[in-house]
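Here the structure is laid out as structure tokens; the discussion comes afterwards.
Given the structure is predicted, the values throughout are model-derived calculations rather than measurements. All residue numbers refer to positions in the sequence shown, counting from 1.
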Amino acid sequence: MGLVDLPVVGGWNFAILEVPSNLGHSVIVFAFQVTKAVRAGELDSKTRRQIFDAIGFTFPNRLLNSRQAPPGCPEDTFRALGLTLLACFCTDPELAGHSQILNKIPTFSDVVLSPCNPDSTSMVDDAYQCLAAVLATPRGPREMVTKGAVSALCQAYMNGGYGSERALTLLSGLLAVAEVKCWQRDALHLLAVLSKLSEEFVKAEDVTKFELCELLPRFIPLSPPLAELSQGSESICQLYKGLASILGSKLSQSQRDPALKLAASLVQACGSEWIPAGRTGSKFLALLVNLACVEVRLTLEEPDPLEVEGKKEVVTACYVLIEMGIQECLKEEESLLDEAQRMQLMRIMEEAFGAVVFYLRQVKEEELQDPFVFASVRILGAWMAEETSSLKQEICELLPFLVRYAKKLFKESGPAQNLSQTAGLVTSDNSILAQDALRLLLPGFCHLTAEDRPRDILISEGAPALLCDYFLHQWGVLSSQPGSLTSTEMSLQTLCGIFLNLVVTAPDLIRQEKTFSSLMDTLLRSLPFLLPQKDHLVLAANIATLGLMMARILSSSAALQKTGSAKEFFKATICFLSQAHTAQADPGSHGLALAVSPSYVSAWDDIRELWFLGMQALASCVPLFPWLPQAVLQAQWLEELSELLTRVTATSVDFELIAAFQGVLVELARASEACREVILSHHGEEWANLYGMAALEQCLSKQ
């Protein structure tokens with residue numbers, strides 16, 4: 001065996017093997033020189049790197065692969081020395097992410113799973129040190145998941161042997177950066193760990209209980225749904241029992257905070273389903289929301305900014321609990337709360353939201369990128385969406401800030417970035433556009449634009465132009481990915497509601513604000529694209545009705561002067577309105593009754609009012625667009641409607657529906673002799689008389 005002297009490195013004169021055929025005593029001497037230096041802590045990072053430059057990966061690889069120890073040495077001597085060298089190399093972040101180290105992940109996993117005697121603890125320590133170093137590298141977490149480290153660490157913890165607590169720490173760190181991938185690949189092993197932790201949580205009667213409160217949220221998955229797995233359901237029950245015992249006791253601040261954060265994690269994963277029904281569960285839920293509201297008030301009404309800074313994490317958790325409280329208070333069926341509890345919680349939550357408004361009014365320009373500001377706006381948006389009468393004065397005063405904040409985030413993120421974010425997060429609606437404040441505020445804005453004072457404030461702050469830009473962006477998202485984008489579609493529907501409020505209450509704004517011309521162009525193009533896709537019927541109804549209402553105001557615009565897009569839009573609206581009703585067998589008689597068309601039934605509750613409003617708007621558009629009656633004739637709607645009203649029994653058509661049909665028919669008969677002739681030739685006078693359509697009868701009888 002030949003030895004080549006190396007320069008002195010860090011005071012150690014190292015030798016390196018010249019590719020010997022066997023690993024023997026000289027190797028052990030050499031390796032012990034290195035490992036002694038490593039373990040003594042006498043090497044700085046520069047020296048460690050020099051060692052690697054001197055010996056590379058070849059030597060430790062040979063040590064790991066050797067199966068024969070020299071006489072008189074423990075069986076794992078070479079392997080242990082190889083691990084020590086790799087642990088030494090891993091202190092260099094660049095080396096820790098090297099493919100030679102990443103490929104050893106299965107080896108490290110085998111070591112932490114192997115039975116450990118007192119002589120082999122250093123091997124286990126080195127293996128954990130290597131895994132910890134790998135975890136801290138950019139590629140490390142993904143490689144650990146794909147190479148089986150998650151299941152190995154789970155088993156190491158469950159076995160409870162030497163280093164098991166380090167396995168738990170590594171698992172926690174891995175879940176922090178790769179939760180979804182970990183659960184997708186190793187759900188059963190992770191559930192076993194969660195089950196063990198949950199059992200310990202219930203049994204613990206000392207500080208361990210609160211330490212577990214800090215740790216457990218990392219092991220509660222958002223996906224797959226925890227409650228759907230039997231082992232997960234058992235853990236949920238244990239966690240509820242443990243939290244109930246904690247929150248039912250007198251607690252210090254340091255004890256209460258982690259308990260609230262654990263409860264928030266369960267809410268994010270399971271909603272309120274983890275809380276049992278019945279009086280005990282309802283009292284616990286009320287207590288939980290009450291504690292969250294108190295925490296929010298104590299923190300956000302604090303004049304010292306540094307106090308708020310240290311409490312942001314727990315207040316964010318409290319927001320999650322309060323949002324659950326809002327949802328439970330609004331449930332019409334199967335709520336955990338009785339009426340008295342609801343009324344009490346609504347009062348308590350109102351006080352908490354007063355504190356949220358107070359905090360947001362103090363936010364400075366340089367703080368706008370703070371995630372806690374976003375969390376505060378998010379929870380306020382949830383409150384504004386449901387509780388329209390509470391804190392109206394305070395919210396009106398805050399509206400300028402909310403508009404500026406939403407505009408800043410939207411403009412700074414940029415349409416391209418938002419689009420790519422949406423594309424990457426379609427699987428989790430809660431995550432879509434993580435910094436999209438405007439989406440969260442839309443439902444509240446929809447309520448507020450129906451009222452004079454807040455509407456005036458929103459207009460003066462430039463909200464309509466912002467909302468138009470946002471509509472165009474969201475339509476771009478939906479049209480580029482026509483699959484299931486629930487959040488995007490809901491945003492577009494809510495935006496239509498806001499614009500309808502503005503059309504009705506502020507028509508001059510629609511005429512004067514140039515951005516509404518761009519919106520009108522988009523509506524003209526979008527409906528023909530959307531209507532054939534039956535899954536988007538509610539959105540199509542919103543766009544059709546909004547387009548018709550805006551067309552009345554913008555009738556003189558160039559886009560509506562018999563252009564191709566305008567004709568296609570009106571063709572699509574006629575299709576939407578004309579196909580909503582059909583004749584069906586009437587169970588109460590031998591005749592036919594007028595009914596909602598089967599393809600509209602599931603959405604009718606959502607689009608009924610829009611359909612009636614659309615019929616009124618179409619009637620108003622007929623005299624404004626001379627070419628519109630011809631479009632109706634081409635669609636043969638008059639013939640189909642005449643046949644429908646002739647076939648069904650008159651008693652099956654309610655007065656509101658008769659009025660809607662008459663409004664359109666009268667305008668068509670007045671505007672177009674051809675339309676009048678078609679109605680007359682299909683017994684129009686007879687069924688107009690039958691249904692009491694006096695205005696239509698009068699119009700038809702004129703020569």
Side-chain angles (χ1 to χ4, degrees), residues 520 523-525 527-532 540-541 543-545 547-552 554-557 559-583 594 597 599-600 610-648 653 657-691 693-703:
M520 187 76 242
L523 297 177
L524 295 179
R525 294 193 307 271
L527 186 63
F529 168 83
L530 200 61
L531 194 61
I543 288 177
T545 304
L548 289 169
M549 296 286 284
M550 286 181 61
R552 299 185 312 172
L554 300 175
S555 59
S556 60
S557 68
L560 288 162
Q561 301 308 306
K562 205 176 180 180
T563 60
S565 58
K567 292 173 73 173
E568 287 299 313
F569 171 79
F570 278 99
K571 180 181 176 181
T573 58
I574 291 166
C575 178
F576 163 67
L577 294 169
S578 65
Q579 294 181 1
H581 296 89
T582 188
L594 189 123
S597 298
S599 59
Y600 283 61
L610 290 168
W611 186 87
F612 280 104
L613 189 57
M615 290 289 283
Q616 292 176 27
L618 179 65
S620 299
C621 285
V622 170
L624 299 174
F625 302 99
W627 48 270
L628 188 50
Q630 184 61 33
V632 174
L633 289 172
Q634 288 176 349
Q636 296 189 313
W637 185 14
L638 296 177
E639 293 90 336
E640 292 170 3
L641 183 56
S642 298
E643 182 184 356
L644 181 63
L645 293 175
T646 303
R647 292 175 66 203
V648 300
V653 189
L657 202 53
I658 291 169
F661 287 139
Q662 179 174 233
V664 173
L665 291 168
V666 166
E667 292 298 338
L668 287 169
R670 286 175 179 167
S672 166
E673 185 62 29
C675 287
R676 180 172 172 273
E677 289 298 328
V678 170
I679 297 171
L680 283 169
S681 66
H682 286 77
H683 312 288
E685 287 183 303
E686 295 176 23
W687 49 256
N689 178 268
L690 177 66
Y691 287 101
M693 297 182 181
L696 180 60
E697 277 191 278
Q698 184 180 6
C699 185
L700 293 174
S701 65
K702 290 180 180 178
Q703 296 301 318

A side-chain contact here means heavy atoms from C-beta on lying under 4.5 Å apart; do Val678 and Trp637 qualify?
no
Practice problem: Check for a donor-acceptor pair, side chain of Thr545 on one end and backbone N or O of Leu610 on the other, with a separation under 3.5 Å. | Solution: yes
When every non-hydrogen atom of Ala540 is compared with those of Leu531, the smallest separation belongs to CB-CD1, 3.8 Å
Heavy atoms of Pro528 and Arg525 approach each other most closely as CD-O, 3.5 Å
With sequence neighbours left out, the residues meeting side-chain contact (heavy atoms from CB on, under 4.5 Å) with Glu686 are His683
Sequence neighbours excluded, the answer for side-chain contact (heavy atoms from CB on, under 4.5 Å) partners of Thr646 is Trp687
Start with the C-alpha distance between Met693 and Leu700, add both sets of side-chain angles, then the distance that settles side chain to side chain contact (heavy atoms under 4.5 Å, CB included), and finish with yes or no.
CA-CA 11 Å; Met693 297 182 181; Leu700 293 174; over 6 Å; no
Could you go through the side chain to side chain contact (heavy atoms under 4.5 Å, CB included) check for Leu644 and Glu640 one step at a time?
CA-CA 6 Å; Leu644 181 63; Glu640 292 170 3; over 6 Å; no
task = With side chain to side chain contact (heavy atoms under 4.5 Å, CB included) as the test, would you mind laying out the steps for Leu645 and Leu690 before giving the verdict?
result = CA-CA 9 Å; Leu645 293 175; Leu690 177 66; over 6 Å; no
When rounded to the nearest 0.5 Å, the distance separating OG of Ser565 from CG of Leu523 is 11.0 Å
To the nearest 0.5 Å, atom CG of Leu548 lies from atom CD1 of Ile543 at 12.0 Å
Shortest non-hydrogen pair, Gly547 vs Phe569, comes out as CA-CZ, 3.6 Å
Mind running side chain to side chain contact (heavy atoms under 4.5 Å, CB included) on Glu685 and Leu680 for me, showing each step along the way?
-> CA-CA 6 Å; Glu685 287 183 303; Leu680 283 169; 3.6 Å; yes
Residue set satisfying ring-ring contact (aromatic ring centres under 6.0 Å, His included) with His682, at least two apart, ordered chain then number -> none
### Query
Ser578 side chain to Cys575 main-chain N or O, any donor-acceptor pair under 3.5 Å?
yes
Residues 624-635 vs side chain to side chain donor-acceptor pair (under 3.5 Å), sequence neighbours excluded, gives none
- Just wondering, are more than 12 heavy atoms of other shown residues or ligands nearer than 6.0 Å to CD in Glu677? yes
> Distance-only, no hydrogens or angles: does the Tyr691 side chain make a donor-acceptor pair with backbone N or O of Val653 under 3.5 Å?
Replying inline: no
Donor-acceptor pair, side chain of Ser597 and main chain of Tyr600, under 3.5 angstrom:
no
When rounded to the nearest 0.5 Å, the distance separating CG of Leu638 from OG of Ser681 is 9.0 Å
Contacts under 3.5 angstrom, residues 611-625 side chains, donor-acceptor by atom type, not counting sequence neighbours:
{"unit_1": "Trp611", "atom_1": "NE1", "unit_2": "Leu577", "atom_2": "O", "d": "3.0"}
{"unit_1": "Ser620", "atom_1": "OG", "unit_2": "Gln616", "atom_2": "O", "d": "3.2"}

In short, Leu594 meets Val648 closest at the heavy-atom pair N-CG1, 3.6 Å
Sequence neighbours excluded and cut-off under 3.5 Å, please list the side-chain donor-acceptor pairs for residues 659-673, or say none.
{"unit_1": "Gln662", "atom_1": "OE1", "unit_2": "Ala694", "atom_2": "N", "d": "3.2"}
{"unit_1": "Gln662", "atom_1": "OE1", "unit_2": "Ala695", "atom_2": "N", "d": "3.1"}
{"unit_1": "Gln662", "atom_1": "OE1", "unit_2": "Leu696", "atom_2": "N", "d": "3.2"}
{"unit_1": "Ser672", "atom_1": "OG", "unit_2": "Ala674", "atom_2": "N", "d": "3.3"}
{"unit_1": "Ser672", "atom_1": "OG", "unit_2": "Cys675", "atom_2": "N", "d": "3.1"}
{"unit_1": "Glu673", "atom_1": "OE2", "unit_2": "Arg676", "atom_2": "NH1", "d": "3.0"}

